[in-house]
Undergrad: 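Right, I'll just put the structure down here and ask away after.
To find a chain, count down the sequence lines: A is the first, B the second, and so on, and within it residues start at 1.
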Amino acid sequence: MSRLDRTRTSAHQLRPFFSSQNLLNRADGSAQFDFGESSVMCSVIGPAEVKLRDEKLDKATLEVVVRPLVGLPGIKDKAREQAIRETLEPLVLSGLHPRTGIQIVVQTMKDDGSILATAFNATILALLDAGIPLKSILGAVTCIVDSETNQILLDPTTQELANAKSTHTFVFDNKSSITSSPENKDQEEAVEVATLYSDSTGLFSEEEYFECAQICYKAVQAVHGFIRTAVQKKLEKEQQQIHS
Amino acid sequence: MRDADPSTNEREFLLAALKDGARIDGRKFYDFRTLRLTFGAEYGAVEVQLGNTRVLAKVSCEVIRPYTDKPTEGFLMFNTELSPMASAAFEVGRQTDEEVLVSRLIEKAMRRSRALDTEGLCIVAGEKVWSIRVDIHFLDHDGNLVDAACIAAITALLHFRRPDVTVVGEDVTIHTLEQRNPVPLSIHHIPICTTFAFFNNGERMIVDPTFLEEQVKEGDMTVTLNVHKEVCALSKAGGIPMEIDQILQCTKIAVVKVAEITAQIQAALEADAKKR
Amino acid sequence: MASITTEEESKLLIVLPGDQLPESGLMEDSSAAHRLTLGPGLAPMDDDSITAVKAGILKHNAVGNRWWVESNQRRYVAAQGESIIGVVTGKSAEHYKVDIGASQPALLGVLAFEGATKRNKPNHNIGDLLYCRVSMANKDMEAELECMNPTTGKADGYGELKGGFVIKISLGLARRLLDPKNLVLRLLGQHIPFEMAVGTNGKVWVNSASAQHTILICNAIRNSEYLNSAECGAMVKSLVEKM
Amino acid sequence: MATPAFTFTPSTFQKLHPAEFFRRFTTEGVRPDGRLLDAFRPTTVHHGVISTANGSAMVRIGGTTVVCGVKAEVAEPKLDAPDQGYLVPNVELSPMCSSKFRPGPPSEQAQAVSEAINRVLKESKVLDLKDLCIEEGKAVWVLYVDAVCVAYDGNIFDAALAAIMAALKNVRIRKPTYQEGTIKVSGGSTATDENSFTLNLARTPLSATFAIFDTTLTILADPNVTEETISDGQISIALDETGQLCGVTKIGASSCSQSVMRDCVQSAKKRTQQLRDIMNQQ
């Protein structure tokens, strides 16, 4: 089966990843993450000074700014800001930096679908680059259920999205393979998918939703692996003078 | 968050070095920083790096109804909102003086110099025209946002292709990229900005100031020219007073810079066209 | 969930936030006391596990069973005892306000200098560059600075940095510059005499006989961050030859 | 055990340690307002509450009240969609409904709820926008769907979506005639089936929202404003009358296992059915 973007051969294939960290000189941390021809740049400033009215006495204030590629920011971008901020809040150890602000700016560079997932991945790489203390990392993938074939397609392009019956974006942290309940830990190590963020629209059945979650969960493991490799490469480059 | 002022040491060192004939990054006075142009797979998007300054320009289009008093004219719009990504000093929803200046300069250099043929954007007079929108995103601010933004804007416009249309009577068909090759915009000329910064009572002038140089400068001026040595815009908003001769000297330097940059833009566009 | 194995000490152990330290590994050589000292980048979680909270290299020191994550970032978070370079941004009767690149300006007491008394104290102006020691830092308050060694009361090199130029680099590179074996500084020293002060807050002050030399040194330091030894040698050589 | 130096009244304790106060209830399986963890608040739906609007409804979920009015106006269609009308939903959270909202431009929450509802209506194809066409390329109906919250006590998404759906069901628009550039709308003092039309809604999505508490791993149905403020995240599930899902959102809080999500879907099925019955009764 061939995908609409013609570079992929299977429904569960992601587009090639690309990432780059520490690109911007003014920000404390920055990263770009690409899924094929979708690209998002993210910058992080902080822990830095925070406006008095946003100051929190016991933790850092997270601010997320989402900027569209075309046009002025609208309510879609506001909703994305909320989604990214509320997903990061439980992850960021903000209690370590009270009365400070962490500003995250997310800029779409190229849009060929699955922008929210791309933005999540760029954001986590930028936070790692900035050295913001985190409980865990995250990875995000979007999938659709095709309206004609009813097939689940991972990481859809703009063209594929136009044909979707339903669209699902999932975010998983690298702790999400939790055991179902702590008591029967010994009996079965049943790994169960646990979602950090989930956003589904369109028309879909309960089975479709959970199947999408499973498939995206598997795909996100590749994203986690990619993030690990990206960080490793950067660290090895920094350390090569010492360890050679 | 306001930008922190440079320390006295930085300020004095920079001025002393300029007196000595040196710039902090090792450039000569009239050198631009290394210019890099990167295109994506899509038409009309370009990322410009001028040293550490980074700007992304994205051109898009839509069909709209023209104004009744100008039934054959299309639209060209610029969006130059400064993003906090470039510098924490740029806040969302609050325009800084710098933003106003940058926006107006780009507007003057690109739109008022009639670089784009807006009459050529007409599809059906009084009914349908193209509206071209240029979104300029500032990603990293290491000085001279204006020159970088103008290079990005004009390069993106040159790179852009709009869908082809056929008009039969009142019926307008807009062809998708698959059906028909998209068509380039008709660009009259390529305006390029050259920004100068002045130091030491205006005796020392440099091209393409970095952020630190901008913080220490006494004044600046932006000359917008095209390769035909036509002045499109000239902007000197405040700063120290200058001799007329010096302005002439600036334009002479700018002529050389504009030729270099225009050649580089065209070479980049040709290289990209070959890959497609 | 990736957990960390501690077998190969020679290889770099890269950890990401969320990676847990294995319990067995933690206690392996804590023979004297079952005590564990956690350094930067590691934190105990709600489920009693020890988890990395920053991306970096897991480091271990058997003395005191210390574990930490060697990571790199650009934003400074003040830590007691560190030497930093700051810029005076304000002054009052009791304190100088000093920008040290952290979330808030730090306070430097006007008497926190060698031999300073109420009548006889150094006078610094806004914009002055100071090499200071962080005398107190915690997450809830502004950091406090001093320009002397607290045990001897001597200046020990702390104080105003006059002339020269200052650049901002990553905190990781600054730490590496403080290593006496640092390659780029040794190479530069073979060609050019210069003086410098490295702040752990990523600010580096450089001074030499001429502006050109200072510029060259600053550029060489900036360029060295991602180069290996051979590339670093070539980079310094080409810069020196260009002079 | 020594007696503590000072004791608190329950209301003082609640003010000082809202999260702890709350946790002591939930560990016992009840909530401060007397509800069980999985209980939704009493809900009422009133149709046609605004006589000047083309359609309207008022929905009350516990202390949250949302009034929704639909106004139909004639507009020019977009050039690239000449036969489609517009559906413009908007949720307003003004200082009137709670002191937590400030006057001025819409808050982030108001924008996010508006966007979430807009996506449910659009993506689950509630209304064919071609039904709103009067004359292709010339005139179409634009439906302004304004949901105004008059009292805020949490769970605005469920209340606003229900109010919007009830109001859309209630819409009656006079039949227009298009003649040489002018639109005539049939008159008469009362709207009847002859001179007006109703909307042909493909489905009626309704939602159920749950609050997530990380420390106790508790899931609460239909959170009120206090519960919302101290909760870590929310799950919202929208379903249509056939049990088909029209939207699932989990935002905030730590990771939630699939079994929790499944439980929420089951609970949402029951709840939306109940809500649907209430809506159809009145």
Side-chain angles (χ1 to χ4, degrees), chain A residues 63-64 73-91 135-136 138 147 161 164-182 190-210 212-214 217, chain D residues 88-91 102 105-126 202-203 205 212 214-215 217 231-240 242-262 264-266 268-269:
Chain A
E63 185 196 356
V64 178
I75 69 163
K76 194 176 169 190
D77 305 290
K78 266 274 176 278
R80 282 183 175 171
E81 285 174 4
Q82 193 198 31
I84 295 174
R85 196 190 61 242
E86 294 197 2
T87 305
L88 291 175
E89 263 164 1
L91 242 58
K135 269 189 202 158
S136 63
L138 58 75
S147 59
L161 278 166
K165 189 164 78 83
S166 61
T167 310
H168 313 262
T169 300
F170 288 96
V171 179
F172 302 101
D173 59 32
N174 55 342
K175 288 186 159 176
S176 31
S177 48
I178 56 165
T179 45
S180 48
S181 69
V191 255
E192 209 195 0
V193 175
T195 17
L196 190 60
Y197 171 81
S198 164
D199 178 72
S200 300
T201 51
L203 288 165
F204 49 102
S205 68
E206 203 183 327
E207 296 76 52
E208 279 173 329
Y209 174 76
F210 288 105
C212 286
Q214 287 290 347
Y217 177 74
Chain D
V88 191
N90 182 45
V91 179
R102 303 256 156 258
S107 63
E108 184 190 77
Q109 191 188 356
Q111 294 192 50
V113 173
S114 298
E115 170 67 5
I117 288 176
N118 183 30
R119 285 171 68 206
V120 169
L121 297 182
K122 209 175 103 195
E123 305 291 328
S124 60
K125 302 179 179 67
V126 166
R203 54 183 54 77
I212 316 166
D214 269 347
T215 44
L217 297 170
S231 76
D232 298 290
Q234 289 201 341
I235 298 173
S236 284
I237 292 158
L239 295 129
D240 71 1
T242 64
Q244 192 165 211
L245 289 159
C246 304
V248 176
T249 316
K250 186 256 163 189
I251 176 167
S254 304
S255 288
C256 252
S257 71
Q258 294 296 74
S259 57
V260 169
M261 298 298 287
R262 274 181 209 279
C264 288
V265 174
Q266 291 319 314
K269 276 187 183 165

Undergrad: Return the option, out of D:Ala112, D:Pro106, D:Ser124, with the maximum number of heavy-atom pairs under 4.5 Å with chain A.
TA: D:Ser124

Undergrad: Please name the pair of heavy atoms, one in D:Arg262 and one in A:Phe210, separated by the smallest distance, quoted to 0.1 Å.
TA: CG-CZ, 3.3 Å

Undergrad: With respect to chain D, which residue among A:Gln82, A:Lys135, A:Lys165 yields the maximal number of heavy-atom pairs within a distance under 4.5 Å?
TA: A:Gln82

Undergrad: Less than 4.5 Å to any heavy atom of chain D: does that hold for the side chain of A:Tyr209, its backbone, both, or neither?
TA: side chain

Undergrad: I need the A:Leu203 CG to D:Leu239 CG distance, nearest 0.5 Å.
TA: 11.0 Å

Undergrad: Between D:Glu123, D:Glu108, D:Met261, D:Gln244, who has the most heavy-atom pairs with chain A when the cutoff is under 4.5 Å?
TA: D:Glu108

Undergrad: If you compare all heavy atoms of D:Gly252 against all heavy atoms of A:Pro90, which two are closest, and at what distance to 0.1 Å?
TA: C-CG, 4.5 Å

Undergrad: Between A:Ser205 and chain D, which part of the residue has a heavy atom less than 4.5 Å away: side chain, backbone, both or neither?
TA: backbone

Undergrad: Do you know the tightest heavy-atom contact between D:Gln258 and A:Ala213?
TA: NE2-CB, 3.2 Å

Undergrad: Over all heavy atoms of both residues, which pair between A:Asp173 and D:Ser255 is shortest? Give the atoms and the distance, please.
TA: OD2-OG, 2.9 Å

Undergrad: A:Lys78: which residues meet the salt bridge (Lys or Arg N to Asp or Glu O under 4.0 Å) condition with it, sequence neighbours left out?
TA: A:Glu81

Undergrad: For D:Asp240, check salt bridge (Lys or Arg N to Asp or Glu O under 4.0 Å) against everything at least two apart and list the hits.
TA: D:Arg203

Undergrad: Would you mind telling me which of A:Thr87, A:Val171, A:Ile75 has the largest number of heavy-atom pairs within less than 4.5 Å of chain D?
TA: A:Ile75

Undergrad: Do you know the tightest heavy-atom contact between D:Ile251 and A:Ala83?
TA: CD1-CA, 3.3 Å

Undergrad: Looking at D:Ala238, D:Gly247, D:Ser236, which one has more heavy-atom pairs under 4.5 Å with chain A than the rest?
TA: D:Gly247

Undergrad: Roughly how far apart are D:Ser254 OG and A:Leu91 CG, rounded to 0.5 Å?
TA: 8.0 Å

Undergrad: Which answer fits A:Arg80, side chain, backbone, both or neither, if we ask what part of it has an atom under 4.5 Å from a heavy atom of chain D?
TA: neither

Undergrad: Please walk me through it: do A:Glu206 and D:Gln266 pass side-chain hydrogen bond (donor to acceptor under 3.5 Å, both in side chains)?
TA: CA-CA 10 Å; A:Glu206 203 183 327; D:Gln266 291 319 314; 2.9 Å; yes

Undergrad: Does anything in residues 113-122 of chain D reach chain A? List residues with heavy atoms under 4.5 Å apart, or say none.
TA: D:Ser114, D:Glu115, D:Arg119

Undergrad: What pairs with A:Lys76 under salt bridge (Lys or Arg N to Asp or Glu O under 4.0 Å), at least two apart in sequence or on another chain?
TA: none

